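To find a chain, count down the sequence lines: A is the first, B the second, and so on, and within it residues start at 1. Model, not experiment: these values are computed from the prediction. Reckoned from all heavy atoms, side chains included, excluding hydrogens, waters and symmetry mates.
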Protein chains: 2
Amino acid sequence: MPIERDVPGIVDVAAKADVSVSTVSRVLSGRTRVSDRLRSKVEAAVQELGYRPNAAAQSLVRGRSSTIAVFARNTIRYGYAATLQGIEEAARAAGYVIMIAVVESGDPAELARAVDGTLSQTLAGAIVIEFDEVGVKTLAAMPTSLPVVAAAGARRARGTTPHAFLDDYAGGYEATRYLLSLGHETVHHLAIPATRPRSGRAWGWRKALEDAGAAVPALVQADYSPTSGYDTARGLLGVPGLTALLCGNDELAIGAARAFQEGGRRIPDDISIVGFDDQPFARMWNPSLTTVQQDFVDLGRRTFGLLEQWLASGERAQDSAVTPSLVIRESSASPPRTVSANH
Amino acid sequence: MPIERDVPGIVDVAAKADVSVSTVSRVLSGRTRVSDRLRSKVEAAVQELGYRPNAAAQSLVRGRSSTIAVFARNTIRYGYAATLQGIEEAARAAGYVIMIAVVESGDPAELARAVDGTLSQTLAGAIVIEFDEVGVKTLAAMPTSLPVVAAAGARRARGTTPHAFLDDYAGGYEATRYLLSLGHETVHHLAIPATRPRSGRAWGWRKALEDAGAAVPALVQADYSPTSGYDTARGLLGVPGLTALLCGNDELAIGAARAFQEGGRRIPDDISIVGFDDQPFARMWNPSLTTVQQDFVDLGRRTFGLLEQWLASGERAQDSAVTPSLVIRESSASPPRTVSANH
DNA sequence: TTGTAAGCGTTATCAG
DNA sequence: CTGATAACGCTTACAA
């Protein structure tokens with residue numbers, strides 16, 4: 001079954017409207033004045049033929065395009081997927097089209113492959129979702145000749161890539177301080193992989209502890225999944241003085257909660273658990289999850305906004321921050337008296 | 001700050017290697033024999049200049065490209081995001097690059113806008129995620145001149161678009177039969193929006209009930225979110241004889257579970273709840289969720305495979321099905337005796 | 001095996 | 001206001 005029924009080109013439209021191709025191009029771009037008579041003839045021809053300009057030819061001659069590439073390590077996990085959705089939404093509204101490239105590891109060869117294929121497209125710009133170490137490396141691999149902005153989890157150094165970010169540090173700090181204010185002697189932390197050593201959720205947690213003069217327990221490293229939360233939390237069952245656990249994300253939190261519950265601990269009576277992100281399920285959890293709310297979709301929109309502004313003005317845009325807010329629900333409470341008595 | 005530092009073109013490479021552009025093109029494509037001497041000179045020049053072929057120019061002259069467009073209503077929800085990830089993964093491995101277009105509504109104008117922008121790209125083919133009504137309309141709007149395949153939730157009529165699908169009907173049927181086998185008199189259904197009238201999860205549920213001679217309660221229509229599950233389930237609290245509820249997805253299930261628990265019902269003692277999809281959190285739920293497992297990532301891979309095969313062979317590929325499997329966990333059990341006695 | 005040259009579908013420059 | 005015509009960067013006959 002043949003599929004190559006020719007797509008009409010600008011010359012077909014010109015022929016049908018009985019004008020020159022330049023005229024067709026003009027009415028389509030709308031940048032120059034064209035007489036109403038010719039304009040309507042062209043529009044009719046376009047309509048009739050179902051003509052659609054060939055973007056490849058356009059970007060070839062213009063040297064730029066309306067395509068923007070998004071680089072991310074993952075597209076399934078909530079934060080990534082929601083950020084992508086925000087980017088796509090804003091890009092579509094602005095007439096851009098988006099290309100997505102997932103970069104699975106920071107391995108130079110794999111990175112080069114993912115990046116090369118995408119960068120050989122004629123791009124208007126690129127966006128890197130820099131929520132993890134792979135994102136950092138991807139950003140470093142971007143050519144300086146291309147406008148690139150990032151969606152991040154922390155403010156980056158001045159003068160670098162423009163970026164919109166969710167203040168993970170502030171979120172971690174606030175959640176920890178909240179737990180401390182409830183009377184917990186200290187707060188443990190089940191961490192997602194860090195983007196950089198001294199930043200993000202884990203760093204906010206540590207600082208809040210230090211500022212309050214509380215002991216800083218060893219950080220427990222996990223991955224991102226509920227299973228990882230479950231597995232690592234099982235190892236925490238015997239830890240003395242563990243009455244509050246701040247988790248790097250909501251999935252970890254529910255995995256940990258399950259592990260504790262199976263171990264006979266009640267939440268929040270014996271142990272308080274706080275998540276991060278406020279995924280849709282957090283509110284329905286049993287008990288409902290206290291967590292740090294993040295608006296990833298908005299982050300995505302704002303990140304695209306930075307790029308759009310750059311493209312329009314020719315100047316790098318300012319950074320854009322959002323401070324997350326703590327949502328207090330049922331999974332957190334004051335520590336049990338018995339444990340306090342032990343100290 | 002200027003950003004237009006010229007990207008090297010094939011002529012720059014040719015000049016530096018002191019050969020013709022056709023020779024450069026030949027070593028890059030690898031389709032024709034080139035002497036080792038020239039080949040290595042070219043490779044050195046490519047390396048040195050960091051040359052990357054311009055995909056727009058390539059697709060312009062070739063009339064096709066290595067870009068495939070993916071149309072989806074959403075990119076956040078689990079099934080969609082996971083399918084997209086599978087597509088991207090397979091596409092990247094095969095040297096394709098993917099473009100994503102979200103189509104928010106089936107409204108003709110909005111549809112045309114989303115589709116037009118993307119179809120003006122030179123595409124190798126397109127994939128439509130047809131998990132909902134918008135997907136059906138998007139598919140209908142695709143030009144016949146382009147190879148298009150779909151990822152679906154049910155087998156479609158013969159001779160139409162090639163598609164890979166997860167058998168929603170079978171999943172709904174099996175889950176319902178399982179609940180009936182536990183002794184429930186009937187099973188209620190909290191449904192996600194349907195793709196088509198007589199297919200999918202809801203249709204499997206209905207058929208299983210009919211085949212077993214059980215009463216078919218009115219289907220309760222919900223959306224996709226936990227909140228929607230919660231809200232609609234609250235309206236079900238007073239329904240007599242409701243001892244088992246099959247939910248259209250896991251998010252609905254946890255929302256419903258929460259509503260019932262708040263209403264004083266125990267799960268599974270008073271009411272059995274079964275979800276759909278087996279999202280990562282399902283296993284960690286409290287109680288852990290009995291659900292119909294679906295491998296969306298694999299669906300995505302297989303869908304891309306269909307397109308790749310078509311592109312390679314020039315023939316439409318066969319359809320490809322996967323039957324989901326029920327995962328029995330803690331949220332389902334036999335109905336309470338007291339209720340049975342009432343009948 | 002290598003080079004020359006004719007396009008691919010548009011836009012933009014430059015005359016009319 | 002409109003129409004030729006020269007690029008844009010690359011591939012691919014066709015010659016050499």
Salt-bridged, A:D12 to A:K16, with N to O below 4.0 Å?
-> no

Can you check the A:Q121 CD to D:dG9 C1' distance for me, whole Å?
-> 14 Å

If each of B:R26 and B:Y51 is mapped to the nucleotide of DNA chain D with the nearest heavy atom, which maps nearer the 5' terminus, i.e. the 5' end?
-> B:Y51

Min and max contacting nt of DNA chain C in 5' to 3' order, chain B heavy atoms within under 4.0 angstrom, are C:dT1 to C:dG9

Considering non-hydrogen atoms only, spot the tightest contact between B:G95 and B:S66 and give its length.
-> O-CB, 3.9 Å

Distance in angstrom units between B:L60 CG and D:dC8 P, rounded | 14 Å

Would you mind reading off the distance between B:D12 atom CG and D:dC10 atom C1', rounded to a whole angstrom?
-> 13 Å

Look at B:E104 together with B:R113 and state whether they make a salt bridge at an N to O cut-off of under 4.0 Å.
-> no

First of A:T32 and A:V21 reached from the 5' end of DNA chain D, by closest nucleotide = A:T32

By side chain to side chain donor-acceptor pair (under 3.5 Å) - contacts of A:T118 (at least two apart) | none

Closest non-hydrogen atom pair, A:A81 against A:T75 = CB-O, 3.4 Å

Over how many whole Å does the gap from B:L28 atom CG to D:dC10 atom C1' extend?
-> 11 Å

Assign each of A:N54 and B:D18 to its nearest nucleotide of DNA chain C by heavy atoms, then name whichever residue's nucleotide is nearer the 5' end.
-> B:D18

Hits for ring-ring contact (aromatic ring centres under 6.0 Å, His included) against A:F304, two or more places apart or cross-chain, chain-then-number order -> A:Y96

Where the side chain of A:V34 is concerned, which of D:dT12, D:dT2, D:dC1 is the nearest nucleotide?
-> D:dT2

Scan B:S25 against the nucleic acid and name what it touches under 4.0 Å (heavy atoms): base, sugar-phosphate only, or nothing.
-> base

Within the structure, does a side-chain N or O atom of A:S22 lie under 4.0 Å from either OP1 or OP2 of D:dT5?
-> no

